[in-house]
2 protein chains.
Amino acid sequence: MPRSTKPPLPARRPLVTVDIAALTIIDGRPHVLLARRPDAPGEPWPGAWALPGGFVDVDADASLEACARRVLRERTGIDAQWLEQVAAHGGRERDPRDWSITLLHAALVPVDDTRQAGGQADHVRWHPLRRNGRPKGVKLACDHGRLVAEAVARIRRKSEYTDLPVRLLPEPFTLPEMQNVFEIVLDRSIDKKAFRTRVLAGEMLEELDSARATGKRPARLYRLRDRRQLHVFRRALEGGDAAA
Amino acid sequence: MPRSTKPPLPARRPLVTVDIAALTIIDGRPHVLLARRPDAPGEPWPGAWALPGGFVDVDADASLEACARRVLRERTGIDAQWLEQVAAHGGRERDPRDWSITLLHAALVPVDDTRQAGGQADHVRWHPLRRNGRPKGVKLACDHGRLVAEAVARIRRKSEYTDLPVRLLPEPFTLPEMQNVFEIVLDRSIDKKAFRTRVLAGEMLEELDSARATGKRPARLYRLRDRRQLHVFRRALEGGDAAA
DNA sequence: CCAATAGTGTCTGTTAGACAATATACA
DNA sequence: TGTATATTGTCTAACAGACACTATTGG
């Protein structure tokens, strides 16, 4: 069959990478996981901090989510509890090597699992975030500063009307602990009573028999009924940005 | 420089396509724009209905959004008023030719612009949607049935707490017309007073001096202050699916 | 005047915010 | 018992739903 009758597959294909903005809370402040780019010749942005990412491997990856989990595990040793696609960005100028697309993901890592990343020595590190969602005091490779801010914005916005931030806590947890991570993610204080009423009415928590002694009156312990199932509240918290 | 010191670009790259689920309302019912796949030898799913889509063209496209707009225009003659990314899906089994990724987009097309697509004869056609968000009476190529449902679900969910559906109306429009498209998108009736209060309090509408005579009492005409700016309401309409 | 459509008044229920009050632990 | 933390009670405001009511047009 002559080649000219073949279907018009494109002559050139874009590079496709997956980048993961893994978020956690350390010392009461949000952090993002960054990796140092290799110094090898030909590598773009040698030595710069960047989101952990990698190319889609058509031999190894069954799906894009599988790809993201593999990349995160291989580069940082972390298995994310929560992982979601945020957006795709593409263009000619992103990567000097070729027209490239990144599939940006956001991941939430409970404080407990934070140390998994420590083993990778100096090449992987948690960096604190500013209130605007950008890493403090580091210039990131490529457009990764923007990407981090975009992922943080997505998580923040969704935290206004879902129980997303619980994924930053190891189980079991207390309601004050839960309120605390919400306040850190949303960067504002929340009324105690309103928060408790809202959360308990949501019925996504399982009440345990035990309690945790924090020094004074012990707080009751809870667990999520289904860690994969996001609970969507009927009303958003107020004071939120109302931005699209 | 020896090849082995070059940065590890992947040996094989996935196919990357953009698919667009363009939605409109015809005769009071939601429709999706479908295109017939070419019959040429080697083409997958010859003759089947599918979402209009195409490969990312690294020479022609400056960005993914530009790519989606180009593809939609070239394949259907339509310039969408509203276009947003919905999700990326990838896998080995999607396209028989290779591991492929689709960047799924949703587009909203005002009723007025619907005829632009008619010019393309039999290869492009508006198909009515079932209540479950799938096209009625057609089997779609590949996983496009699922993609249509996913795009519709996204638009529906966002319509619970934003003014998104107005993008299905040509300007100017009346409040009863606006309520009507909301009811069609959400597939349920909405209380008149609640809807008007909500919308007018949102202050995203510009009140015109004129009115439209529909036969009986004329309705006041409105226009969006900014068609690109999505208005986010503080509370969602009730009765919505609280699903993630 | 009648029919039909546009628009308003008013009541209720829900739930977030404010903040005071109570409960339970340890020292 | 005192103090710190957890948990609850109560009031208010905002706003969606229900639904009856009024307003404005054409015939």
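Lettering of chains follows the sequences in order, A, B, ..., and the numbering in each one begins at 1. Values below: every heavy atom of this structure, side chains too, minus hydrogens, waters and symmetry copies. The shown structure was predicted, so the numbers you read here are calculated from the model rather than taken from an experiment.
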Lys/Arg N to Asp/Glu carboxylate O, A:Arg154 vs A:Glu150, below 4.0 Å:
no
Could you list by number each residue of residues 192-206 of chain A showing a heavy-atom separation from DNA chain C of less than 4.0 Å, or answer none if no residue does?
A:Lys193, A:Ala194, A:Arg198
Outer limits of DNA chain C sitting under 4.0 Å from a non-hydrogen atom of chain A, read 5' to 3', are C:dT14 to C:dC26
Partners passing salt bridge (charged side-chain N to carboxylate O under 4.0 Å, His left out) against A:Arg217 (at least two apart in sequence or in another chain)
none
Could you list the residues that satisfy salt bridge (charged side-chain N to carboxylate O under 4.0 Å, His left out) with B:Arg225, not counting sequence neighbours?
none
Tell me the interatomic distance from B:Glu160, atom CD, to D:dA16, atom P, rounded to whole angstroms.
12 Å
Under the side-chain hydrogen bond (donor to acceptor under 3.5 Å, both in side chains) test, which residues partner B:Glu207, sequence neighbours left out?
B:Arg220
Integer-rounded Å distance: D:dT5 P and A:Asn180 CG:
13 Å
A:Leu205 side, atom CG; A:Leu221 side, atom CG - distance, nearest 0.5 Å
11.5 Å
Does B:Asn132 CG have over 12 foreign heavy atoms under 6.0 Å away?
yes
To the nearest Å, how far apart are B:Phe233 CZ and D:dA14 P?
18 Å
What is the distance, to the nearest angstrom, from the CD1 atom on B:Ile190 to the C1' atom on D:dA18?
14 Å
Pairs where residues 180-216 of chain A contributes a residue and the test ring pair (Phe, Tyr, Trp, His ring centres under 6.0 Å) is met, not counting sequence neighbours
A:Phe182-A:Phe195
Cation over ring, B:Arg235 on B:Tyr161, under 6.0 Å and within 45°?
no
